[in-house]
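Comments concern the structure below.
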Amino acid sequence: MARRTVAVASLGTTLALVSYTAPLATLAPIAADLGSSPSGRSWILSSMSLGLTAVLLTAGTLADRLGRRALFTTGAVVLALASAGGAFATGTAGFVAGRIGQGVGAAAVVACSLALIGHALPPGPRRSAATGLWGAALAAGIAAGPLLAGLLPWRVLYLAVAVAGLALALAGRTLLTESTAGRPRPVDVAGMVLLAAGLAVLLAGLTEARRLPVTTTTVVLLVAGAALLAGFVAVQFVVAHPMAGPELFRHPGLVAATVASLATGLGIISLSSYLPALLAPVHSTAPATAALLLLGWSGTSIVTALLTRRISERVTGGVRLGIGLLVMTAGQLGLLATGSGTGAVLAALVVVGVGTGVVNATLGREAVASVPPDRAGTGSGINNTTRYLGAAVGVTLTSVLTSPAGDEPVPELLAGWHVAVLVATGFTLLGALVALVCARSAARTPVPAPQG
């Protein structure tokens, strides 16, 4: 049963990430086919992040209550239907709607995948090996998305994702065992509404902020999103059964995992998302070549994620995260040499991949190990929400810092890119320091007990 669970959960994560990363290599043909404006192009890249980030924590929380298998299979069906809708879209708005739907479905799949693994395997070496496989599956999806997009017409790719989503739903229904929190908790309706609305509005504002100058609409969206998220935080302190209450964050392991996940989004995910668009004017790099370069990062991280099972259990999660992020910091600094040639880019991405694999595998383990067993879905939701929120913020910062007007000549592009690399690397370094500080006290702090 455990092997089936790990296999299905990992494949689901791979499919979700294939959907997420595919537009990195297909933005130009999709935009040309749909007649998209510059604003539409931004929304094509960002729309799945909106659905994914806004729903991840809610999906994880509902999975703990309603059933992780049930929500996993439902998410796979939603991902399939939304992918089919995107494949048949005739305009930007229809395609963006499909991408948002893909994000909602992928959120349920990703949030439930770690919770299913956490339920199937007790803490220890076997769970560490399983979360290492999950981390490798995450990297495999990141690698496969742009590669498949370079090989297949984009509409064919989206139809293939739709078919794979239906197959995943069938596999989940027949091979997975249902699990819940065991002690049903009342649903934090106010928290769910405020969080989903706040993240959706904030991400909409960030997407619009990529087009300078900043408009009044953009400012309103950003302020409204921040206000809704502040309301969510306030609600978590006053309701009887919060979806992500402050008691969870008393464990340093969850704090370390949350900060490391955020730093990963703000760092390498944001840089790698923009890198293909930068390489085209700087080195006349074709999309397929850019996808192969990114494989240096994602492919290396697959290997190191699988190898993390060989790390002694005496090495705590915080230490693993801290060291992994420090290696990523060194690799990201290598991206300052992007103007020197694609060889320098590949070398830097390989170094980043070494650290990323360790971080991804460890995040998978810590997301469920640092919360009570009945809150595994919530722990997974917190972890992945911060990752993709960080990515959304990071991509916006990278876009604005590198190419404010969207058509800078190569010297100005590289100068802006250098600033963006330094900012993203600063976030990664800060995450490493926080993780190492948390590691000192995590071993002495018990995981909060399940709540009735």
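Residues Trp417 and Thr338 form a side-chain contact, since some pair of their non-hydrogen atoms from C-beta on lies under 4.5 Å apart. Side-chain atoms of Thr5 and Arg68, non-hydrogen and from C-beta on, never get closer than 4.5 Å to each other. For the pair Leu222/Leu202, a side-chain contact is recorded, criterion being any heavy-atom separation below 4.5 Å from C-beta on. Put simply, the side chain of Val423 reaches to within 4.5 Å of the side chain of Leu401, judged on heavy atoms. Taking 4.5 Å as the limit, some side-chain heavy atom of Asn360 sits within range of a side-chain heavy atom of Arg387. Annotation: side chain of Arg320 is in contact with side chain of Arg365 (closest heavy-atom distance under 4.5 Å). Thr207 places none of its side-chain heavy atoms less than 4.5 Å from the side chain of Leu50. With a 4.5 Å cut-off on side-chain heavy atoms, Asp188 and His241 do not count as touching.
Rounding to the nearest 0.5 Å places CH2 of Trp297 at 9.5 Å from CG of Leu271. Annotation: the span from Leu349 atom CG to Leu335 atom CG amounts to 5.5 Å, rounded to 0.5 Å. Distance check: Met48 CE to Leu203 CG gives 13.0 Å after rounding to the nearest 0.5 Å. Here the CG-OG1 distance, from Leu57 to Thr385, works out to 5.0 Å after rounding to the nearest 0.5 Å. The CD1 atom of Ile100 sits 10.5 Å away from the OG atom of Ser49 when rounded to the nearest 0.5 Å. Taken from CG in Leu325 to CG in Leu429, the straight-line distance is 9.0 Å, to the nearest 0.5 Å.
Using modelled atom types, no side-chain atom of Thr131 and backbone atom of Trp134 make a donor-acceptor pair closer than 3.5 Å. Formation of a donor-acceptor pair under 3.5 Å by the Thr14 side chain with backbone atoms of Ala137 is found in this model. Looking at Arg99, its side chain does come within 3.5 Å of a backbone N or O of Ser19 through a donor-acceptor pair. Ser301 places a side-chain N or O within donor-acceptor distance of the main-chain N or O of Ser298, the cut-off being under 3.5 Å. Gln102 contributes no side-chain N or O that, together with a main-chain N or O of Ala82, makes up a donor-acceptor pair within less than 3.5 Å. When atom types are taken as modelled, the side chain of Thr73 and the backbone of Ala70 share a donor-acceptor pair closer than 3.5 angstrom.
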Practice item. I would like to know whether Leu56 and Leu199 meet side-chain contact (heavy atoms from CB on, under 4.5 Å); could you show each step before the answer? Key: CA-CA 11 Å; Leu56 266 166; Leu199 288 172; over 6 Å; no
Exercise for review: Show your reasoning for whether side-chain contact (heavy atoms from CB on, under 4.5 Å) applies to Leu195 and Leu229.
Suggested key: CA-CA 6 Å; Leu195 179 66; Leu229 291 177; 4.0 Å; yes
Point to revise | Candidate pair Leu336 and Leu422, rule side-chain contact (heavy atoms from CB on, under 4.5 Å), full reasoning | key: CA-CA 8 Å; Leu336 292 172; Leu422 291 174; 4.1 Å; yes
Exercise for review: Run the numbers on Thr217 and Glu208 for side chain to side chain donor-acceptor pair (under 3.5 Å), then give the verdict.
Suggested key: CA-CA 8 Å; Thr217 300; Glu208 288 296 311; over 6 Å; no
Practice item. Could you give me the CA-CA distance, side-chain angles and deciding distance for Leu279 and Leu293, then say whether side-chain contact (heavy atoms from CB on, under 4.5 Å) is met? Key: CA-CA 10 Å; Leu279 291 175; Leu293 285 173; 3.6 Å; yes
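Ile269 and Ala391 make their closest contact through CG2-CB, 3.6 Å (heavy atoms, listed as atom of the first residue, atom of the second, distance). The nearest pair of heavy atoms linking Leu168 to Ala76 is CD2-CB, 3.9 Å. Shown here for Gly75 and Val109, the closest heavy-atom pair between the two residues is C-CG2, 3.8 Å. Here the shortest heavy-atom pairing between Ala257 and Asn383 reads O-ND2, 3.8 Å. Looking at every heavy atom in both residues, Ala162 comes nearest to Ser83 through N-CB, 3.9 Å. When all heavy atoms are compared, the tightest approach of Leu133 to Ser10 is CG-OG, 4.0 Å.
For residues 259-281, the set of pairs meeting the side-chain hydrogen bond (donor to acceptor under 3.5 Å, both in side chains) definition, not counting sequence neighbours, comprises Ser261-Thr386.
In terms of the side-chain hydrogen bond (donor to acceptor under 3.5 Å, both in side chains) criterion, Thr304 has no residue partners (sequence neighbours excluded).
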